[in-house]
Amino acid sequence: MEPSLYPQARQANILVRSPLKLNHIEARIIALALGCIHSKSLELPQIRIPMKRIIPKAKSGPVYEQIDAACKTLMGKVVSIARTSSRGKMNIKNYGIISFMEIDEGTGYVTGNFAPEIKPFLLELASEYTTVEIETILTLKSAHAHRLYWVLTSWDDVGSWEVEIEKLREQMIGTEDTSYAIFYDFKRYVLEPAIKELQDIGWMIGWEPLKAGRKVSRIRFTIPRHVIAGNGQEPASIDITPQSRQKQKPSDQLPLGISAEMPTLHQRVIARLQKLQVSDSQIRTVLEHLGDDEAHFTKLLKSTHQLLVSHETKSKVFDNIGGTTVNHLKTEFAGLFAKL
DNA sequence: AGCCATGTACTACCGGTGCA
DNA sequence: TGCACCGGTAGTACATGGCT
């Protein structure tokens, strides 16, 4: 059977929070590889990723060589997971992530296997795990933003996170890398650009430096909760799949076809409208009107972004945010005026 | 098509300044 | 005095365009 790419990727929090340095391409490969795993799967599946999903726009550069180099590096990547026993003794286990990778320029696919030892951190995750939307993470342009996205998502159920500078630096750029030893450089070249990227996609992360004397020793993040549709958490799932997709086989995760970015965009639109307190019947009407037009989904997400930010940060008080949203949609999508 | 020169963007570091 | 902050700069990678 043809392996699928699912819209969400999961891994255990302990793995997410382990120090790991990845470049941008490696981070994309890992996210897409995790997307090959179904949430209910009992065995690690084969990794099978279209090369065009790793580097979507064929730049003039050598795509094949870039992916090849990233695959080779990934096979050598080790995550160190440190645990302290009840007797206070430290135990460090080093795990490889990927055991095999193959790039076939003919089929245009990268295939491979996860290292078997990593299985407990990727499968049968009952608790203490992090789920991200692959489409969202693939929009991030820098490797630092990828890492921060994973790490902060692992804390978003708590709402805030305080971390020592050195620990954060290790989580974002690894333990062996000695660069960005100066806090201000770490801040201006790593932290601030990464946070800005997350804010640009609508996740309004806040952060403040905490000083010990004059030195910034820790950082406190305030982390608005993600809404990931279909993972059993809010928002409640409602069946408002456009008719053209209703024949799709139901499952916990909708398989993402190679070209099918729609299900996730579709889910994001539902989540967005639910956040803005639009009623289910109105959401159905909107979705029926939008049909399968990806440009319309994107337009809706972009045009309601500021509304959501104002609402969530309470920078503007809305008597009826749902009504405001509906009125906004009527002006953005002329055809909705008579329907809503 | 392949090579080369040039421009641009990014990374990483250094040294000076001002503040507590 | 030690720190954050800031501007400058060297090194590197990549993109672009002209030439053969």
Side-chain angles (χ1 to χ4, degrees), chain A residues 16-33 49-80 97-98 101 103-106 108 110 136-152 160-223:
Chain A
V16 172
R17 297 167 188 169
S18 299
L20 183 63
K21 181 184 172 69
L22 297 174
N23 68 24
H24 183 225
I25 296 175
E26 291 159 9
R28 288 179 71 91
I29 293 173
I30 289 290
L32 288 162
I49 311 165
M51 283 166 69
K52 65 183 176 186
R53 297 278 285 153
I54 300 170
I55 302 180
K57 284 183 183 170
K59 296 179 183 176
S60 59
V63 170
Y64 175 84
E65 283 81 356
Q66 285 180 49
I67 294 174
D68 182 45
C71 289
K72 282 175 181 156
T73 315
L74 278 176
M75 286 179 64
K77 289 285 177 192
V78 169
V79 286
S80 298
I97 307 170
I98 305 286
M101 292 221 92
I103 304 158
D104 189 335
E105 219 171 356
V110 174
T136 305
I137 208 164
L138 291 183
T139 63
L140 300 173
K141 296 178 190 73
S142 76
H144 297 143
H146 269 266
R147 283 297 293 155
L148 196 64
Y149 187 91
W150 272 106
V151 173
L152 292 185
S160 69
W161 178 44
E162 260 186 54
V163 60
E164 288 169 15
I165 294 288
E166 191 50 35
K167 192 173 176 192
L168 178 66
R169 208 182 70 87
E170 285 181 359
Q171 287 186 352
M172 288 183 75
I173 61 176
T175 49
E176 67 276 10
D177 205 318
T178 57
S179 51
Y180 302 115
I182 298 167
F183 169 69
Y184 186 70
D185 281 348
F186 176 69
K187 179 184 140 187
R188 66 174 166 172
Y189 296 129
V190 178
L191 197 54
E192 287 180 335
I195 288 173
K196 185 176 180 304
E197 264 200 68
L198 301 188
Q199 291 174 341
D200 284 347
I201 61 166
W203 198 24
M204 304 315 285
I205 298 295
W207 73 283
E208 58 175 323
L210 304 174
K211 292 190 176 185
R214 282 177 298 188
K215 188 178 169 68
V216 175
S217 60
R218 304 169 71 80
I219 287 178
R220 180 189 294 134
F221 291 97
T222 51
I223 310 166

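So you know, we letter chains A, B, ... as the sequences are listed, proteins then strands, and number each from 1. Basis for what follows: all heavy atoms, side chains included, without hydrogens, waters or symmetry-related copies. Every value quoted in this text rests on a predicted model; they were computed, and no experiment measured them.
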Taking every non-hydrogen atom, the tightest pair across [X] and [Y]:
X	Y	result
A:R28	A:I54	NE-O, 2.7 Å
A:I137	A:H146	O-CE1, 3.1 Å
A:A194	A:M172	CB-CE, 4.2 Å

Quickly work out the A:E197 CD to B:dC10 C1' distance and round it to whole Å.
14 Å
What residues, two or more places apart in sequence or in another chain, satisfy ring pair (Phe, Tyr, Trp, His ring centres under 6.0 Å) together with A:H144?
none
Roughly how far apart are A:E170 CD and A:E166 CD, rounded to 0.5 Å?
5.0 Å
For nucleotides 4-9 of chain C, give me one character per nucleotide, 5' to 3': B if any protein heavy atom sits under 4.0 Å from the base, S if the only such contacts are to the sugar-phosphate, - if neither.
SBBBB-
